[in-house]
*Asks:* 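The structure that follows is given in the form of structure tokens.
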There are 2 protein chains.
Amino acid sequence: MAKAKAKRTLKWQRDPEGMRLRILEAAKQEFSAHGLAGARVDRIAAKAGANKRMLYYHVGNKDELYLAVLEGAYDKIRSEERGLDLEHLDPPEAIRRLIEFTWNYFLRNPEFLSLLQTENLARAKHLKKSTKVKSMHSPFVEMIRTVVRRGVDSGDFQVAVDPVQLYISIAGLCFFYLSNSATLSVIFGRDLLDKKAKDERLAHMVGLVLAALTGQSVALFEVAKAPKSRAAVAQTA
Amino acid sequence: MAKAKAKRTLKWQRDPEGMRLRILEAAKQEFSAHGLAGARVDRIAAKAGANKRMLYYHVGNKDELYLAVLEGAYDKIRSEERGLDLEHLDPPEAIRRLIEFTWNYFLRNPEFLSLLQTENLARAKHLKKSTKVKSMHSPFVEMIRTVVRRGVDSGDFQVAVDPVQLYISIAGLCFFYLSNSATLSVIFGRDLLDKKAKDERLAHMVGLVLAALTGQSVALFEVAKAPKSRAAVAQTA
DNA sequence: ACAGTATTTATCCAACGGGTTAATTTCTCT
DNA sequence: AGAGAAATTAACCCGTTGGATAAATACTGT
């Protein structure tokens with residue numbers, strides 16, 4: 001364990017793994033903030049407290065660095081999802097939890113959204129080269145498929161929806177709102193990221209999906225349940 | 001009208017408006033294919049059959065060019081939407097038409113999706129400078145608000161949903177599937193862009209939204225309406 | 001203590017990319 | 001015709017950027 005000798009004032013410390021992590025973290029920031037083409041290798045180095053040469057030494061060139069960041073991002077979300085434990089909830093509650101998790105994960109990890117956008121702009125050119133990523137997803141799809149099947153069997157759900165479609169819908173509802181909040185806020189003239197707006201959005205999404213699956217309108221979905229017109233919904237702008 | 005004199009073999013033609021249009025079209029291609037930072041001014045010029053200097057002469061620098069493209073893209077979709085004529089349809093049909101239009105528009109204009117992604121990556125930095133764009137959207141929101149109100153009044157819809165939320169949901173369902181089809185196809189191991197997949201997706205989205213609004217499950221939404229389990233839905237991969 | 005290796009720094013550079021300058025060609029009006 | 005304006009071309013400028021080279025510094029085992 002005695003590793004630090006601290007002989008004298010050293011010009012630098014050695015820490016390969018730490019350095020690699022700092023590089024990947026800095027790269028994640030940079031790539032998500034500026035995209036692939038806009039990212040600057042020097043900025044990544046600076047942010048990681050490293051020399052530019054280190055990037056090439058520890059990870060590889062810009063593209064490899066980018067792919068490493070992307071794989072790490074997928075790994076992180078899928079691994080958190082595995083902990084959701086949807087199997088032991090009754091189906092509507094499981095779906096609600098999946099939506100809430102997805103929403104909160106996207107809120108907590110905006111870089112993930114940016115990275116996906118960037119990669120899709122490149123038509124997944126880099127991701128296609130990854131072998132790791134493909135294998136992470138079948139368990140996840142099965143998890144959702146099981147929930148849907150249980151929901152249909154129990155009578156909670158009206159329809160046996162394709163789990164991939166369902167997940168894409170849930171992710172899409174969350175993703176689009178957040179990843180496009182900048183332009184949407186401009187064109188609709190409201191701040192979509194303040195607390196109230198975010199709460200309303202979550203309620204809307206949960207209501208929409210659960211209403212569609214169960215056939216029963218969900219309380220939160222009804223922004224205004226006035227019996228007749230004049231139900232114009234609380235506005236902001 | 002007599003404009004062409006064709007005196008002798010000229011070294012070049014004069015055509016200011018045509019040139020401007022070709023430049024904007026080429027820029028749209030380039031920006032949507034490579035993003036803002038990845039776009040190359042020389043490539044735009046080449047694609048427009050022009051000299052690089054022309055871009056600066058007719059439009060401005062790279063950023064102004066980009067903003068012009070973006071404004072043009074918004075203008076185009078909002079103007080097509082105005083022709084939807086939702087006022088004269090009964091509410092569920094109006095919503096269905098809105099979804100189908102949005103879906104088909106996104107399919108027909110993939111550059112629009114890319115441009116939005118790019119601009120959101122930049123947190124709408126450029127769009128905020130635009131004065132034109134902000135004004136295009138209130139009529140559109142009102143159009144949807146009217147449909148929703150009519151649906152609630154007629155009893156077709158269970159809930160008075162916020163029109164902005166509804167539109168963001170519809171756009172999100174379409175947008176995410178298409179703009180992220182590259183990565184989604186990789187991670188889920190199916191081709192999401194073949195004809196069958198696209199048809200299924202449209203059915204899914206229409207079913208989801210209409211079921212949520214009306215409370216009645218929509219035929220197309222039921223991929224398999226088997227009474228018990230084994231309703232595992234037609235799979236692909 | 002010393003040889004060999006792993007990690008880090010300090011420079012350098014060739015290609016690229018946005019933007020500019022100045023000259024050339026076409027159009028228009030008189 | 002021909003002068004002045006508009007449109008287009010060709011060539012250049014110069015900061016940036018990804019990547020490479022080589023030297024310096026720290027660590028490891030023996």
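Every chain is numbered from 1 and lettered A, B, ... according to where its sequence line falls, protein lines coming before strand lines.
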*Asks:* Is the distance between the ring centroids of A:F176 and B:F176 under 6.0 Å?
*Replies:* no
*Asks:* Would you say A:K62's side chain and A:A39's backbone share a donor-acceptor pair under 3.5 angstrom?
*Replies:*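 Present.
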*Asks:* What is the distance from CH2 of B:W12 to P of C:dT24, rounded to the nearest Å?
*Replies:* 12 Å
*Asks:* Can you tell me the distance, in whole Å, between the CD1 atom of B:I23 and the P atom of C:dG18?
*Replies:* 15 Å
*Asks:* Run the ring-centre check on B:F106 versus B:Y177 and record whether the distance is less than 6.0 Å.
*Replies:* no
*Asks:* Can B:E30 and B:R40 be counted as an ion pair, charged N to O under 4.0 angstrom?
*Replies:*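 Answer for the salt bridge query: no.
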*Asks:* Tell me, which of residues 26-41 of chain B have any heavy atom that sits under 4.0 Å from an atom in DNA chain C?
*Replies:*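 Under 4.0 Å from DNA chain C: B:A39, B:R40, B:V41.
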*Asks:* Centre-to-centre under 6.0 Å for A:F175 and B:F175, is that the case here?
*Replies:* no
*Asks:* Can a salt bridge be assigned to the pair B:D199 and B:K195 using a cut-off of 4.0 Å between side-chain N and carboxylate O?
*Replies:* yes
*Asks:* Measure the distance from CG on B:D42 to P on C:dG18 and round it to the nearest whole Å.
*Replies:*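 Distance check: B:D42 CG to C:dG18 P gives 6 Å.
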*Asks:* Just to be sure I understand the geometry, which residues of residues 45-62 of chain A put a non-hydrogen atom under 4.0 Å away from DNA chain C?
*Replies:*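 Only A:N51, A:R53, A:M54, A:Y57, A:H58 qualify.
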*Asks:* Rounded to whole Å, please give me the gap between NZ in B:K11 and P in C:dA23.
*Replies:*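 After rounding, the reported distance stands at 16 Å.
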*Asks:* With DNA chain C as reference, determine whether B:D63 or A:E17 sits nearer its 5' end, using the nearest nucleotide of each.
*Replies:*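 Whichever sits nearer the 5' end wins; that is A:E17.
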*Asks:* Is the shortest side-chain N to carboxylate O distance from A:R145 to A:E142 below 4.0 Å?
*Replies:* yes
*Asks:* Only pairs at least two apart or in different chains count here, so list each side chain to side chain donor-acceptor pair (under 3.5 Å) that has a residue in residues 179-188 of chain B.
*Replies:*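 For residues 179-188 of chain B: A:N120-B:T183.
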